[in-house]
Peer 1: 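Have a look at the structure that comes next, please.
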Amino acid sequence: MEEKANMTKEERIAEAGNIAGEYFKQGLNCSECVLQSFLDTQNVNFPKEVISLASGFGGGMGQTRNTCGAITGAILALSTMKGRNPFEKETPKERIQQIQQIYVPFGDMVREIEQHYGTLICKELSAPHGDFAGKARKQNCKQIISYCAELVAKYAQENQSQQ
């Protein structure tokens with residue numbers, strides 16, 4: 001644990017990407033990889049079973065190849081630190097004001113991913129790499145998973161420094 005405390009911000013971000021890529025090799029889906037790597041590398045205290053929340057987002061949400069699972073995994077991961085309990089606010093007006101502020105880093109992160117790749121859609125991200133079961137597509141997905149894991153680690157660290 002002390003070793004992680006001595007890591008630089010950049011090293012922690014790179015570690016998240018490496019761990020996520022390793023989970024992909026172990027058979028976790030894209031969303032599970034990003035969420036689990038985040039839970040492993042950040043000071044987030046959730047039970048290990050929370051990973052099941054990410055299972056349905058793999059393959060572009062239930063393997064429909066819609067929104068990329070690595071992106072939804074990044075949203076889930078960031079939510080573990082930046083999410084809210086809406087019932088802490090008493091009125092609908094307070095809850096609406098609160099959520100508008102909370103959306104900011106999530107929207108920024110998603111826009112950064114879209115700017116980097118040009119799309120958020122699994123089938124568009126994977127189409128240039130041939131057969132969905134093929135090695136080239138899997139390599140591409142592993143790279144996207146690592147990128148999203150690194151990006152969510154970056155946004156979490158920015159979030160921590162702003163609190």
Side-chain angles (χ1 to χ4, degrees), residues 1-63 65-84 102 105-126 128-129 132-163:
M1 188 63 97
E2 188 176 314
E3 185 178 305
K4 284 188 181 187
N6 294 329
M7 293 175 79
T8 66
K9 179 179 176 180
E10 292 76 21
E11 288 170 333
R12 289 180 76 94
I13 290 170
E15 179 190 34
N18 291 333
I19 290 171
E22 288 303 311
Y23 278 129
F24 190 61
K25 290 181 189 176
Q26 294 175 27
L28 276 71
N29 76 28
C30 42
S31 191
E32 293 167 338
C33 291
V34 175
L35 178 58
Q36 189 61 56
S37 72
F38 187 80
L39 296 174
D40 289 352
T41 59
Q42 305 296 316
N43 292 325
V44 180
N45 190 19
F46 280 89
K48 64 180 181 173
E49 294 82 11
V50 77
I51 193 66
S52 65
L53 295 172
S55 298
F57 293 104
M61 298 191 302
Q63 209 168 28
R65 299 188 189 135
N66 285 296
T67 303
C68 171
I71 297 164
T72 55
I75 294 292
L76 287 167
L78 191 56
S79 292
T80 66
M81 290 183 115
K82 185 64 178 156
R84 70 171 177 158
I102 288 174
F106 294 95
D108 290 346
M109 183 175 66
V110 170
R111 282 186 286 278
E112 190 168 337
I113 295 167
E114 187 172 26
Q115 182 177 11
H116 184 80
Y117 288 106
T119 186
L120 303 173
I121 306 301
C122 174
K123 68 181 117 196
E124 294 170 6
L125 291 163
S126 58
H129 304 282
F132 198 75
K135 186 175 181 176
R137 193 277 313 163
K138 290 176 185 174
Q139 283 296 100
N140 179 62
C141 287
K142 183 177 176 266
Q143 187 277 325
I144 294 168
I145 289 165
S146 293
Y147 176 80
C148 287
E150 291 172 4
L151 198 60
V152 74
K154 178 187 107 171
Y155 274 83
Q157 289 182 17
E158 288 174 0
N159 178 53
Q160 286 175 338
S161 64
Q162 292 173 0
Q163 290 183 345

Peer 1: Got F24 and K138 here, is their nearest side-chain heavy-atom distance under 4.5 Å?
Peer 2: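 SC-SC contact between F24 and K138 confirmed.
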Peer 1: With no hydrogens and no angle check, do the side chains of E22 and N18 hold a donor and an acceptor under 3.5 Å apart?
Peer 2: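 No, N18 and E22 have no side-chain donor paired with an acceptor closer than 3.5 Å.
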Peer 1: Which value, rounded to the nearest 0.5 Å, describes the distance between L28 atom CG and Q36 atom CD?
Peer 2: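 Nearest 0.5 Å value for the CG-CD distance: 7.0 Å.
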Peer 1: With rounding to the nearest 0.5 Å, note down the distance linking SG in C141 to CG in N29.
Peer 2: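 It is 10.5 Å, given to the nearest 0.5 Å.
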Peer 1: Are D108 and R111 close enough, and set up right, to give a side chain to side chain contact (heavy atoms under 4.5 Å, CB included), and what steps lead you there?
Peer 2: CA-CA 5 Å; D108 290 346; R111 282 186 286 278; 3.0 Å; yes
Peer 1: Which value, rounded to the nearest 0.5 Å, describes the distance between T119 atom OG1 and L125 atom CG?
Peer 2: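 Rounded to the nearest 0.5 Å, the OG1-CG separation comes out at 5.5 Å.
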Peer 1: Within a 6.0 Å radius of atom CD on Q115, are there more than 12 heavy atoms belonging to other residues, nucleotides or ligands?
Peer 2: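 Open.
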Peer 1: Is any side-chain heavy atom of K154 closer than 4.5 Å to a side-chain heavy atom of L151?
Peer 2: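 The answer is yes; the side chains approach within 4.5 Å.
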Peer 1: Taking side chain as C-beta onward, heavy atoms only, is F57 less than 4.5 Å from L76?
Peer 2: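 In contact.
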Peer 1: What's the separation between atom CD in Q139 and atom CD in Q143, rounded to the nearest 0.5 Å?
Peer 2: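 If I round to the nearest 0.5 Å, the distance is 10.0 Å.
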Peer 1: When rounded to the nearest 0.5 angstrom, what is the spacing between CD1 in I51 and OG in S31?
Peer 2: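 It comes to 7.5 Å.
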Peer 1: Measure the shortest side-chain to side-chain distance between E158 and K9 over non-hydrogen atoms and say whether it is less than 4.5 angstrom.
Peer 2: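 The answer is yes, as the side chains (C-beta and beyond) meet within the 4.5 Å cut-off.
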Peer 1: Search all heavy atoms of Q42 against all heavy atoms of A153 and return the closest pair with its distance.
Peer 2: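 Between these two residues, the closest heavy atoms are NE2-CB, 4.0 Å.
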Peer 1: Specify whether Y147 and H116 have parallel, tilted or perpendicular ring planes, treating 30° as the upper limit for parallel and 60° as the lower limit for perpendicular.
Peer 2: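 Ring orientation, 0 to 90° scale: parallel.
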Peer 1: Between T67 and I121, what is the shortest heavy-atom contact and its length?
Peer 2: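 The pair with the smallest heavy-atom distance is N-CD1, 4.3 Å.
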Peer 1: Looking only at atom types and distance, does a side-chain atom of T80 sit under 3.5 Å from a main-chain N or O of A77, one as donor and one as acceptor?
Peer 2: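 Yes, because the side chain of T80 sits within donor-acceptor range (under 3.5 Å) of the backbone of A77.
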Peer 1: Might you point out which heavy atoms bring I145 and A20 nearest each other, and give the distance in Å?
Peer 2: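 Looking at all heavy atoms of both residues, the closest pair is CG2-CB, 3.6 Å.
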Peer 1: Can you find a pair of side-chain heavy atoms, one from E124 and one from Y117, that are under 4.5 Å apart?
Peer 2: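 SC-SC contact between E124 and Y117 ruled out.
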Peer 1: In a check of side chain to side chain contact (heavy atoms under 4.5 Å, CB included) between L39 and each of V34, N45, I19, V50, which one passes?
Peer 2: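 Exactly one candidate clears the test, V50.
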Peer 1: Kindly compute the distance separating CD (E32) from OG (S37), expressed to the nearest 0.5 Å.
Peer 2: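 E32 atom CD to S37 atom OG measures 12.0 Å (nearest 0.5 Å).
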Peer 1: Which heavy atom of K82 sits nearest a heavy atom of P105, and at what distance?
Peer 2: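 Scanning both residues, the minimum pair turns out to be CE-CG, 3.6 Å.
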Peer 1: If you compare all heavy atoms of G83 against all heavy atoms of F106, which two are closest, and at what distance to 0.1 Å?
Peer 2: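 Heavy-atom minimum between the residues: N-CZ, 4.5 Å.
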Peer 1: With heavy-atom distances below 4.5 Å as the criterion, would you say the side chains of M109 and I75 are in contact?
Peer 2: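 M109 reaches I75 side chain to side chain.
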Peer 1: Do you know the tightest heavy-atom contact between A136 and H129?
Peer 2: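 Closest approach of A136 to H129: CB-O, 3.6 Å.
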Peer 1: Tell me, do I144 and C30 make a side-chain contact under 4.5 Å, heavy atoms counted?
Peer 2: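 With C-beta onward as the side chain, the pair stays apart.
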